[in-house]
Amino acid sequence: MSAWHAHDSRTVYENPWIRVREDAVTRPDGGDGVYGVVEVRQPAVFVVPVTDDDEVVLVEVERYTTGAVSLEVPAGGSDGEDPLVAAARELREETGLAADDWTHLGPVFSLNGVAHAPGHVLLARGLRPADEAHAQDEEGIVGVRRVPWSELPALVRAGGITDNESLGALLHAAVALGRVS
């Protein structure tokens with residue numbers, strides 16, 4: 001089998017946050033095809049905030065795309081900022097918290113089959129109230145929940161967390177914290 005080969009590409013839609021393109025390709029099996037790709041213009045950040053009481057701080061977000069409230073880690077676009085700066089901003093905006101201890105856990109990619117959407121997962125500890133106000137209304141956040149780490153597996157099993165990016169970020173944190181090997 002050979003690799004994918006793009007022969008032509010055209011932009012079918014773009015705005016300041018995403019670009020959607022259609023590529024004329026040769027597939028690995030040698031056949032011709034068209035591949036649609038969503039390109040996220042700036043990497044995202046996903047923050048796993050863990051309290052001194054071993055709770056994970058999650059946000060309840062009303063998602064336009066699904067029409068439901070989703071329980072997620074604080075996250076958002078980096079807007080071209082350093083991932084740590086963007087993560088601190090997202091944590092503050094979405095939860096009203098700041099962190100004294102940050103660990104970059106690694107890069108991630110979202111929706112690999114249809115998107116080029118890079119991101120970074122960061123662990124935030126040493127949580128305290130932020131000095132500045134936060135902007136939950138603008139983000140569609142309807143609540144902030146502190147979930148004991150020990151209750152996360154049951155919450156996931158019950159379908160309480162369905163956002164794949166949050167699940168991936170939580171797994172990154174679980175590995176970093178030695179909760180899974």
Side-chain angles (χ1 to χ4, degrees), residues 1-49 56-95 99 102-124 135-136 138-141 152 156 159 161-177 180:
M1 287 231 198
S2 63
W4 291 88
H5 295 285
H7 304 288
D8 192 25
S9 183
R10 71 181 183 98
T11 299
V12 295
Y13 174 79
E14 64 184 315
N15 66 30
W17 303 279
I18 65 168
R19 177 174 90 121
V20 179
R21 69 174 207 264
E22 232 176 44
D23 294 347
V25 298
T26 300
R27 295 186 306 261
D29 67 2
D32 290 331
V34 175
Y35 210 114
V37 177
V38 177
E39 295 176 346
V40 176
R41 294 198 184 263
Q42 298 292 335
V45 291
F46 305 95
V47 182
V48 181
V56 178
V57 180
L58 301 172
V59 292
E60 296 171 326
V61 185
E62 187 176 340
R63 287 292 180 195
Y64 173 80
T65 51
T66 63
V69 173
S70 178
L71 189 59
E72 305 176 6
V73 298
S78 66
D79 299 338
E81 295 173 309
D82 177 87
L84 178 57
V85 172
R89 175 180 40 79
E90 290 297 330
L91 180 64
R92 182 183 65 253
E93 288 177 355
E94 296 190 4
T95 67
W102 289 91
T103 306
H104 187 272
L105 300 180
V108 291
F109 285 89
S110 301
L111 297 169
N112 286 348
V114 296
H116 176 77
H120 300 274
V121 178
L122 293 101
L123 178 64
Q136 292 180 331
E138 178 182 309
E139 303 278 339
I141 294 171
L152 280 176
V156 170
I161 301 174
T162 58
D163 174 61
N164 247 348
E165 295 167 328
S166 293
L167 292 167
L170 289 167
L171 178 58
H172 253 294
V175 170
L177 295 170
V180 295

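In what follows, every heavy atom counts, from backbone to side chain, and hydrogens, waters and symmetry copies are set aside.
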Solution key, residues 167-176 side-chain donor-acceptor pairs under 3.5 Å, sequence neighbours excluded:
none

Where at least one partner belongs to residues 38-48, residue pairs that pass side-chain hydrogen bond (donor to acceptor under 3.5 Å, both in side chains), sequence neighbours excluded: E14-R41, R19-E39, R21-E39
Identify each donor-acceptor pair in which a side-chain atom of residues 107-120 lies under 3.5 Å from a protein atom, sequence neighbours left out, and give them as a table.
unit_1	atom_1	unit_2	atom_2	d
S110	OG	E165	OE2	2.7
H120	ND1	H104	NE2	3.0

- request: Flag the pair Y35 / E22 as yes when at least one side-chain heavy-atom distance between them is below 4.5 Å, and no otherwise.
  value: no
field: Qualifying side-chain hydrogen bond (donor to acceptor under 3.5 Å, both in side chains) pairs, either residue in residues 58-68, two or more places apart
entry: R63-E72
task: Could you tell me which residues satisfy side chain to side chain donor-acceptor pair (under 3.5 Å) with T162, sequence neighbours excluded, listed by chain and number?
output: none
- request: Side-chain contact test, heavy atoms from C-beta onward, threshold under 4.5 Å: evaluate it for L58 versus T95 and give yes or no.
  value: no
Enumerate donor-acceptor pairs with a distance under 3.5 Å from any side-chain N or O in residues 79-91 to protein atoms, sequence neighbours excluded.
unit_1	atom_1	unit_2	atom_2	d
E81	OE1	R89	NE	2.8
E81	OE1	R89	NH2	2.7
D82	OD2	L84	N	2.9
R89	NH2	G77	O	3.1

- line: residues 66-86 vs ring-ring contact (aromatic ring centres under 6.0 Å, His included), sequence neighbours excluded, gives none
Salt bridge (Lys or Arg N to Asp or Glu O under 4.0 Å) pairs, two or more places apart, involving residues 102-114: none
- request: Would you name the heavy atoms of V47 and V73 that are closest together and state the gap between them?
  value: O-CB, 3.1 Å
- request: Compute whether any side-chain donor of one residue and acceptor of the other, for S9 and D23, lie under 3.5 angstrom apart.
  value: yes
Salt bridge (Lys or Arg N to Asp or Glu O under 4.0 Å) contacts touching residues 102-113 (sequence neighbours left out): none
